[in-house]
2 protein chains.
Amino acid sequence: MYKVIFMPSLTVENYLKAIYHLLESEPEGVSTNSLAATLKIKPATVTDMIGKLASARFVKYEKYYGATLTDKGKRTALAIIRKHRLWEVFLSEKLKFSWDEVHEIAEQLEHIDSIELTDRLDMFLGYPKTDPHGDPIPDKNGKITVPELIPLSFAKEGAEGMISGVTEHSPAFLQYLEKNNLTLGTEVMLLEYYEYDLSADIRINKKRQVHLSHEVIKHILIKLHDKH
Amino acid sequence: MYKVIFMPSLTVENYLKAIYHLLESEPEGVSTNSLAATLKIKPATVTDMIGKLASARFVKYEKYYGATLTDKGKRTALAIIRKHRLWEVFLSEKLKFSWDEVHEIAEQLEHIDSIELTDRLDMFLGYPKTDPHGDPIPDKNGKITVPELIPLSFAKEGAEGMISGVTEHSPAFLQYLEKNNLTLGTEVMLLEYYEYDLSADIRINKKRQVHLSHEVIKHILIKLHDKH
DNA sequence: TATTAAATTTAGATTAGCCTAAAATAAATT
DNA sequence: AATTTATTTTAGGCTAATCTAAATTTAATA
Ligand SMILES: [Mn+2]
Ligand SMILES: [Mn+2]
Ligand SMILES: [Mn+2]
Ligand SMILES: [Mn+2]
């Protein structure tokens, strides 16, 4: 049988984090292939590791039907995500890195193992609620409050809101948003959809108007303004 | 032959750092046994790794006669030491960790791979010259200025100076110093040696007098006051 | 200088995390 | 329902970093 995992290694941590994120789009169970694609390794490798994670009770695994996280697995994943996002805030707020630069470095920092460090960093940063990409930061008990956001591509014509998150974190995409003043906190109004390519005209901060592709608006999350 | 090392792994970084520090007391070449003791691994393992480090030109190695660092090896070691000490300053100054707590966490942070991060951290901290233990911090070019300090146990009776470093970093020792007000910056005067056990009476900040064992005074570094 | 002791190296084995190729299973298509 | 395609698993292998046991070399001692 499989060797029991005591302390999760860097590799195991990355598996659990990837499973956590993939469960968003595959709630019934994360497939071997999507995990392999995310981690840039071969499916055969994933199958083996999932077996180990299952016997260490980090995941529940049904052969051929994917993996889901146990409570233990979820706790572990959220602890890593907490660290990742806190370090992103640190890099952005204190070291003045731009929002397209923080993720790569946080990928390393998230594995630093010290609860005391994490909690003091949290305090030092003033207990931030979200990271530079608008993603919520779990508290020290692993509690995460997911804000109610919708993709800009889901907004009705005439709807207004504030850019509050993104669902794509590549430097290229984030730099594109930056260049077009589509950063967090920006006020947007959806003016008109173009059915043939699902693109749309957007008004920015009640002033400038831009035309954005579906590829872009589907990855921008907004908080809709209450209409009264 | 040995596989060539491209990017130094965490393991390789720890070997190079250990060799750098051990060269202080073994300048002719670091022995297999002292490296094994420092890294808490077996001598046979060290022999094998030293071979790999030598073929990657990190060290010069004479079988049976120990290893010394090449320029490449020294550069790599100093980059890690720079990161280690900058993170210790961060933990101490910004997150308010005590000087006996910072080392362990810095052991992990020193392996984070980003020159940009290191240099921005340096700036954020105001380009500190020394870490919380008084050890000098190499600059971004790897230049390190070693201050002229002597062990308190080398001071003549009547000599005065300021505590400016330590040569032992265990939490137990650092906590002992803290408790006895023997922290960095403390003014000390050597009053009298006791030959039979090499202990000494020390005056602290021109006031309180304490009796310290040889074990303690040999690990305290002082900057002697100029006498005119 | 010969012998013993200590340090070091060599030989062979193990584990985690990866791989490729082949086999098995599930899903999709005719 | 039978066949083809896609996904997943199994089997066997590799590398870095470790280990133990045995052999070799250097250093210390008689
Ligand atoms: Mn990120
Ligand atoms: Mn983020
Ligand atoms: Mn240290
Ligand atoms: Mn230090």
Side-chain angles (χ1 to χ4, degrees), chain A residues 1-19 22-23 25-26 28-68 76 80 107-108 111 113, chain B residues 1-19 22-23 25-26 28-68 76 80 107-108 111 113:
Chain A
M1 270 296 105
Y2 292 113
K3 181 98 197 298
V4 175
I5 296 165
F6 272 92
M7 279 300 295
S9 64
L10 181 146
T11 303
V12 166
E13 293 193 344
N14 283 334
Y15 270 86
L16 295 177
K17 186 172 55 122
I19 296 168
L22 287 169
L23 279 171
S25 50
E26 297 169 271
E28 0 62 54
V30 173
S31 77
T32 302
N33 263 4
S34 34
L35 212 37
T38 302
L39 298 171
K40 297 177 205 304
I41 55 181
K42 300 298 163 186
T45 306
V46 171
T47 299
D48 188 64
M49 177 58 90
I50 293 291
K52 293 181 199 172
L53 295 179
S55 68
R57 307 293 147 130
F58 285 111
V59 305
K60 194 169 152 304
Y61 174 45
E62 192 81 89
K63 243 182 208 172
Y64 291 102
Y65 294 93
T68 54
T76 309
I80 300 155
E107 285 292 299
Q108 295 183 62
H111 302 290
D113 178 31
Chain B
M1 270 297 107
Y2 291 114
K3 182 99 198 297
V4 175
I5 297 165
F6 273 91
M7 280 299 297
S9 64
L10 182 147
T11 303
V12 165
E13 292 192 345
N14 282 335
Y15 270 87
L16 295 176
K17 186 172 56 121
I19 295 168
L22 287 169
L23 279 170
S25 51
E26 297 169 89
E28 359 63 54
V30 173
S31 75
T32 302
N33 263 4
S34 32
L35 256 181
T38 302
L39 298 171
K40 297 180 206 304
I41 55 181
K42 302 296 164 185
T45 307
V46 171
T47 298
D48 188 64
M49 178 59 90
I50 293 290
K52 294 180 199 170
L53 295 178
S55 66
R57 306 293 146 123
F58 284 112
V59 305
K60 194 168 152 305
Y61 174 45
E62 243 334 345
K63 243 182 206 172
Y64 291 103
Y65 293 93
T68 54
T76 309
I80 300 155
E107 285 291 300
Q108 295 182 64
H111 301 290
D113 179 29

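Letters A, B, ... mirror the listed sequences (proteins, then strands); counts begin at 1. Computed from heavy atoms alone, side chains included, the values below leave out hydrogens, waters and symmetry copies.
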Could you give the [atom1]-to-[atom2] distance, from [X] to [N], as a whole number of Å?
X       : N      : atom1 : atom2 : result
B:Leu39 : D:dC19 : CG    : C1'   : 15 Å
B:Lys42 : C:dA7  : NZ    : P     : 14 Å
A:Met7  : C:dG17 : CE    : P     : 13 Å
A:Asp48 : C:dT15 : CG    : C1'   : 12 Å
B:Asn33 : D:dA27 : CG    : P     : 13 Å
A:Met49 : D:dT10 : CE    : P     : 16 Å
B:Ile50 : C:dA7  : CD1   : P     : 17 Å

Between side-chain atoms of residues 4-15 of chain B and protein atoms elsewhere (two or more places apart, or another chain), which donor-acceptor pairs fall under 3.5 Å?
from: B:Ser9; atom 1: OG; to: B:Thr11; atom 2: N; distance (Å): 3.4
from: B:Ser9; atom 1: OG; to: B:Val12; atom 2: N; distance (Å): 3.2
from: B:Glu13; atom 1: OE1; to: B:His111; atom 2: ND1; distance (Å): 2.6
from: B:Asn14; atom 1: OD1; to: B:His111; atom 2: NE2; distance (Å): 3.1

Of the listed nucleotides ([options]), which one gets closest to any side-chain atom of [X]?
X       : options                : result
A:Ile41 : D:dA27, C:dT10, C:dC18 : C:dC18
B:Thr32 : C:dT8, C:dG17, C:dC18  : C:dT8
B:Tyr64 : D:dT25, D:dT10, C:dC18 : D:dT25
B:Lys63 : C:dT8, D:dT18, C:dT10  : C:dT10
A:Ser9  : C:dT8, C:dG17, D:dA16  : C:dG17

Original post:
Of A:Tyr65 and A:Thr11, whose nearest nucleotide on DNA chain C comes first from the 5' end?
Top reply: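 Checking each residue's closest nucleotide, the 5'-ward one belongs to A:Thr11.
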Original post:
For DNA chain C, whose closest nucleotide is more 5', that of B:Thr45 or that of A:Val12?
Top reply: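 Mapping each residue to its closest nucleotide by heavy atoms, the 5'-most match is B:Thr45.
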Is there a donor-acceptor contact under 3.5 Å from the side chain of [X] to the main chain of [Y]?
X       : Y       : result
A:Thr47 : A:Pro43 : yes
A:Glu62 : A:Ala67 : no
B:Thr45 : B:Ile41 : no

Original post:
What's the spacing between B:Leu23 CG and B:Thr68 OG1 if we round to 0.5 Å?
Top reply: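 That separation rounds to 6.5 Å.
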Original post:
Does B:Tyr15 make a side-chain N or O approach to OP1 or OP2 of D:dA16 shorter than 4.0 Å?
Top reply: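 It does not, given that no N or O in the side chain of B:Tyr15 lies less than 4.0 Å from OP1 or OP2 of D:dA16.
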